[in-house]
Amino acid sequence: VYAVASLIVLEVVGWSSWRLVSAERAQRAAEAESAVDQRLRLALWRMDSLVVPLLVLESSRTAAGGAAGVDPADPVRLRAQLNTDGSLSPAERDGATPAAAARRARDSQTLERLVDPEVLRLAAAASLETRATFRAAPRADRTIDDAAQSITPRQRAADLAIAAASGPEPIGAFRAMWVEEELLLVRGVAGGSVRAQVLWIDWPRLRGALLAEAAPLLPGLGLEPRPAGEAIGPSDLATIPVRAITPAPMGEHRSGSATVVSLAATWAAVLAGLLAIGGVLYLSRRLAEQRWRFAAAVTHELRTPLTALRL
């Protein structure tokens, strides 16, 4: 009976302890996930803030392809233009060395083999249509992305800054697109011999700069291309089609938490109580056995003389 009662008590205490530990773990996981979400929003804002100046700088270029400035850490691998005959050529840059000009010519040929000019033409036409929609729409509804796409406040702020730098020329807003593993920014040009301006982004360099910007907040953050056609999600950058891969949230280890201390005290009290009850039962049984043995011995000693007298 004592063993059965002890097992029942231990099972009840164990089940209660498991429920308490599970609830505490769930609470810690929720707190860790919330902390990661807050850090992710701040990291996305910092990475978008790094990309916006590049887009504003490139948007300030004229239709002839002139650049507003040169940055030694420029993440743009090639600035090219799509001509009306469907060919790609490097955009002219003042002060370019022969070696730099030759490298841009090679990159232009590589880009021409990599992407279909028709794809660039369609993207350029879409950017011109979006630009017209942006200028005609009320300020609160302006966007440089697809009208059917959900626009976040971060993206709207970035779009307004980029579109404001484009100026009054008949040039569309840059549209980002992935071609295999390469990131391109394309915008259309209305009229003239140039149909579109193309920026071939050095993605490894830009990715490293973005991760370095977010490292103080999320050291294990990863970046991957956002599939075409998907709406911007809470883990996506607003300026370019890139999705952030957050590390798995892990709750902090708290060996001295109140729940652990209370459970340890409860188990100690239960085990001490069971041992005490077991000890009392054992001593009681042993005392009863000693009394029985004493009574049996006395009875035997008394029976022996009486039997001898009868004989």
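Below, all heavy atoms of this structure are taken into account, side chains as well, without hydrogens, waters or symmetry copies. Residues: numbered from 1 along the sequence shown.
In this structure, E289 does not pair ionically with R286, as no charged nitrogen and carboxylate oxygen lie closer than 4.0 Å. For the pair R243 and E230, the salt-bridge criterion is met [side-chain N within less than 4.0 Å of a carboxylate O]. Ionic pairing of E213 and R46 is present here: one or more N-O contacts between side-chain nitrogen and carboxylate oxygen are shorter than 4.0 angstrom.
Sorted by first and then second residue, the pairs that involve residues 182-209 and meet ring pair (Phe, Tyr, Trp, His ring centres under 6.0 Å), not counting sequence neighbours, are W178-W203. Identified under the ring pair (Phe, Tyr, Trp, His ring centres under 6.0 Å) test for residues 7-41, with sequence neighbours left out: none. Among pairs with a residue in residues 205-237, none fulfils ring pair (Phe, Tyr, Trp, His ring centres under 6.0 Å), at least two apart in sequence or across chains.
In this structure, L78 and S108 have side chains that are in contact, with non-hydrogen atoms separated by less than 4.5 Å. With contacts defined as side-chain heavy-atom distances shorter than 4.5 Å, the pair S59/R187 qualifies. Side-chain contact between M47 and L221: present, with at least one pair of heavy atoms (C-beta onward) separated by less than 4.5 Å. Taking the side chain as every heavy atom from C-beta outward, V189 and Q197 approach each other to under 4.5 Å. In this structure, the side chains of R77 and D107 come closer than 4.5 Å at one or more pairs of heavy atoms. With a 4.5 Å cut-off on side-chain heavy atoms, L88 and L120 count as touching. Put simply, the side chain of P117 reaches to within 4.5 Å of the side chain of L82, judged on heavy atoms.
For D37, the side chain to side chain donor-acceptor pair (under 3.5 Å) test picks out no residue, with sequence neighbours left out. A search for side chain to side chain donor-acceptor pair (under 3.5 Å) contacts involving S87 returns N83, D85, not counting sequence neighbours. For L274, the side chain to side chain contact (heavy atoms under 4.5 Å, CB included) test picks out Y2, S6, L10, V270, with sequence neighbours left out.
Residue V12 is not grouped with residue W267 when hydrophobic side chains (ILVMFWY) are merged at heavy-atom distances under 4.5 angstrom, including chains of intermediate members. Clustering ILVMFWY residues whenever any of their side-chain heavy atoms sit less than 4.5 angstrom apart, transitively, puts I245 in a cluster other than the one holding L223. The hydrophobic cluster containing V13 also contains L271, counting ILVMFWY residues as joined when their side-chain heavy atoms lie under 4.5 angstrom apart, directly or transitively. L122 is not connected to V179 by any chain of hydrophobic side-chain contacts under 4.5 Å among Ile, Leu, Val, Met, Phe, Trp and Tyr, and they are in different clusters. Cluster membership check: L275 does not share its hydrophobic cluster with Y282, using side-chain heavy-atom separations under 4.5 Å among Ile, Leu, Val, Met, Phe, Trp and Tyr.
The two residues L206 and P75 have their closest heavy-atom pair at CB-CB, 4.1 Å. Counting all heavy atoms, side chain and backbone alike, I232 lies closest to R226 at CG1-NH1, 3.7 Å.
Rounding to the nearest 0.5 Å places CZ of R79 at 14.5 Å from OG of S89. If you take CZ on R104 and CD on Q109, they are separated by 13.5 Å, rounding to the nearest 0.5 Å. The line from CG of L111 to CG of L184 is 6.0 Å long, rounded to the nearest 0.5 Å. The CZ atom of R195 lies 6.0 Å from the CZ atom of R121; values are rounded to the nearest 0.5 Å. Of the inter-residue distances, the one linking L7 atom CG with E11 atom CD reads 8.5 Å to the nearest 0.5 angstrom. Put simply, CG on L283 and CD on Q290 are 9.5 Å apart, with the number rounded to the nearest 0.5 Å.
Enclosure of atom CD in E181 is not indicated, since only 12 or fewer non-hydrogen atoms of other residues, nucleotides or ligands lie within 6.0 angstrom.
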**Message:** Using the rule given for side-chain contact (heavy atoms from CB on, under 4.5 Å), can you reason through E180 versus L114, listing the C-alpha separation, both sets of side-chain angles and the distance that settles it, and then say yes or no?
**Reply:** CA-CA 9 Å; E180 297 181 1; L114 179 66; 3.4 Å; yes

**Asked** Given L217 and L40, is the side-chain contact (heavy atoms from CB on, under 4.5 Å) satisfied, shown in steps?
**Response** CA-CA 8 Å; L217 297 170; L40 176 61; over 6 Å; no

**Request:** Would you sort out whether E58 and L185 count as a side-chain contact (heavy atoms from CB on, under 4.5 Å), showing the intermediate values?
**Result:** CA-CA 10 Å; E58 296 299 331; L185 298 177; over 6 Å; no

**Message:** Assess the residue pair V76 and I201 against the criterion (side-chain contact (heavy atoms from CB on, under 4.5 Å)); give the C-alpha distance rounded to whole Å, side-chain angles, the decisive distance to 0.1 Å, and a yes or no.
**Reply:** CA-CA 4 Å; V76 179; I201 303 298; 4.0 Å; yes

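Exactly one of T239, L54, L199, I240 qualifies for a side chain to side chain contact (heavy atoms under 4.5 Å, CB included) with F174. That residue is L199.
D48 places a side-chain N or O within donor-acceptor distance of the main-chain N or O of A238, the cut-off being under 3.5 Å.
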